[in-house]
Amino acid sequence: MSSSLTEDIIAILDEIQNGLYKYQKSLKSMRTLHDQHGFDAFFQAFFTPFSNVLLVYKREPAVERVVDFVCKFAIAVGTKIEDKNGSDTDNSSSCDDDVETLDFPNLFILKLVGYHEAKDKAVRFRACQTINKILQLAVQENVRIFCLDVLPTVMLQRAYDKIPAVRVQAIQALGRFQTPEDKECPVIGALLNIMRGDSSGDARRSALQAISVCDSTLPGLAH
């Protein structure tokens, strides 16, 4: 790994953390590094300094700025989805569709998935938070996310985490994995259970906001 590349990445992240930045300029600078140094070298150099963020549980503004920036950068270098007519299509895709095309946001998510069972609550929280933000931005920007098949299982586990803040992030992420036409959808079942009985008001509200309105959820929503 190039020490110069790592230093350049750290310098950009430091600017973001300290609020000394112009967002678009910083995104452009990071993307230039991504394009110049080759994917493998860049990814390794990028994740090493970012991993320090995973250790911070407190919602400090400086850390939140870095998380937001990293998620927006991941989407900026992701693969846009277009059908043969050039119009946007569904951004859902399985790992099996085309593993060789996995790009930065997808490998970044897979890397974060590996931390979801960490003993440190900060690591679990930041991993879920970052995945959740990337998923939300991917929908807005029509960026393809592969390996969605692993995420429902991971987020269902974290939706029952002992830490409420972790549960909230997982619940928000789970919203996109509902299958309303399936009366036995495990995601909908979990959201209903959380809505009815989670000890955290924030978790219950997140489940209520995330759940789809359909025949199987109307009785629960009515109560």
I need the [X] [atom1] to [Y] [atom2] distance, nearest 0.5 Å.
{"X": "N52", "Y": "I10", "atom1": "CG", "atom2": "CD1", "result": "8.0 Å"}
{"X": "Q44", "Y": "L5", "atom1": "CD", "atom2": "CG", "result": "9.5 Å"}
{"X": "N142", "Y": "L137", "atom1": "CG", "atom2": "CG", "result": "12.0 Å"}
{"X": "S206", "Y": "I211", "atom1": "OG", "atom2": "CD1", "result": "12.5 Å"}
{"X": "D14", "Y": "I9", "atom1": "CG", "atom2": "CD1", "result": "12.0 Å"}
{"X": "Q129", "Y": "I134", "atom1": "CD", "atom2": "CD1", "result": "10.5 Å"}

Just by modelled atom types, is the [Y] backbone N or O under 3.5 Å from a matching donor or acceptor in the [X] side chain?
{"X": "Q178", "Y": "A210", "result": "yes"}
{"X": "R124", "Y": "K119", "result": "yes"}
{"X": "R158", "Y": "H116", "result": "yes"}

- Query: In the hydrophobic clustering that connects Ile, Leu, Val, Met, Phe, Trp and Tyr at side-chain heavy-atom distances below 4.5 Å, which members other than F125 occupy its cluster, ordered by chain and number?
  - Reply: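 Besides F125, the cluster holds Y57, I163, V166.
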For [X] and [Y], which heavy atoms make the closest approach, and how far apart are they?
{"X": "P152", "Y": "L174", "value": "O-CD2, 3.9 Å"}
{"X": "G78", "Y": "V143", "value": "CA-CG1, 3.8 Å"}
{"X": "A76", "Y": "R31", "value": "O-NH1, 2.5 Å"}
{"X": "R167", "Y": "S199", "value": "NH2-OG, 3.6 Å"}
{"X": "F47", "Y": "L54", "value": "CZ-CD1, 4.3 Å"}
{"X": "A170", "Y": "A159", "value": "CB-N, 3.6 Å"}

- side chain to side chain contact (heavy atoms under 4.5 Å, CB included) between M30 and F42: does it pass, once the steps are laid out? CA-CA 10 Å; M30 192 69 84; F42 177 84; 4.0 Å; yes
Is there side-chain contact between [X] and [Y], with at least one heavy-atom pair below 4.5 Å?
{"X": "F69", "Y": "L13", "answer": "yes"}
{"X": "I131", "Y": "V154", "answer": "no"}
{"X": "V187", "Y": "T179", "answer": "no"}
{"X": "F46", "Y": "I12", "answer": "no"}
{"X": "F177", "Y": "T153", "answer": "no"}
{"X": "I145", "Y": "N106", "answer": "yes"}
{"X": "Y160", "Y": "I194", "answer": "yes"}
{"X": "V139", "Y": "L135", "answer": "no"}

- Query: Just checking, any donor-acceptor pair under 3.5 angstrom between side chains of N132 and Q136?
  - Reply: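 Yes, Q136 and N132 have a side-chain donor paired with an acceptor closer than 3.5 Å.
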- Query: Can you check whether F50 and F104 have ring centres sitting under 6.0 Å from each other?
  - Reply: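 No.
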- Are V56 and V168 connected, step by step, through hydrophobic side chains (Ile, Leu, Val, Met, Phe, Trp, Tyr) whose heavy atoms are closer than 4.5 Å?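 Different clusters.
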- Task: Determine, for R126 against E64, whether the closest basic-nitrogen to carboxylate-oxygen distance falls under 4.0 angstrom.
- Result: yes
- Using 4.0 Å as the upper bound for N to carboxylate O, is an ion pair formed by R205 and D202?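 Salt bridge: yes.
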- Query: Given the rule in the side chain to side chain contact (heavy atoms under 4.5 Å, CB included) test, do V53 and T130 qualify, once you have shown the distances and angles that lead to the verdict?
  - Reply: CA-CA 10 Å; V53 170; T130 307; 5.9 Å; no
- Query: What class does the angle between the rings of H34 and F39 fall in, given that below 30° is parallel, 30 to 60° is tilted and above 60° is perpendicular?
  - Reply: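 Plane angle over 60°, so perpendicular.
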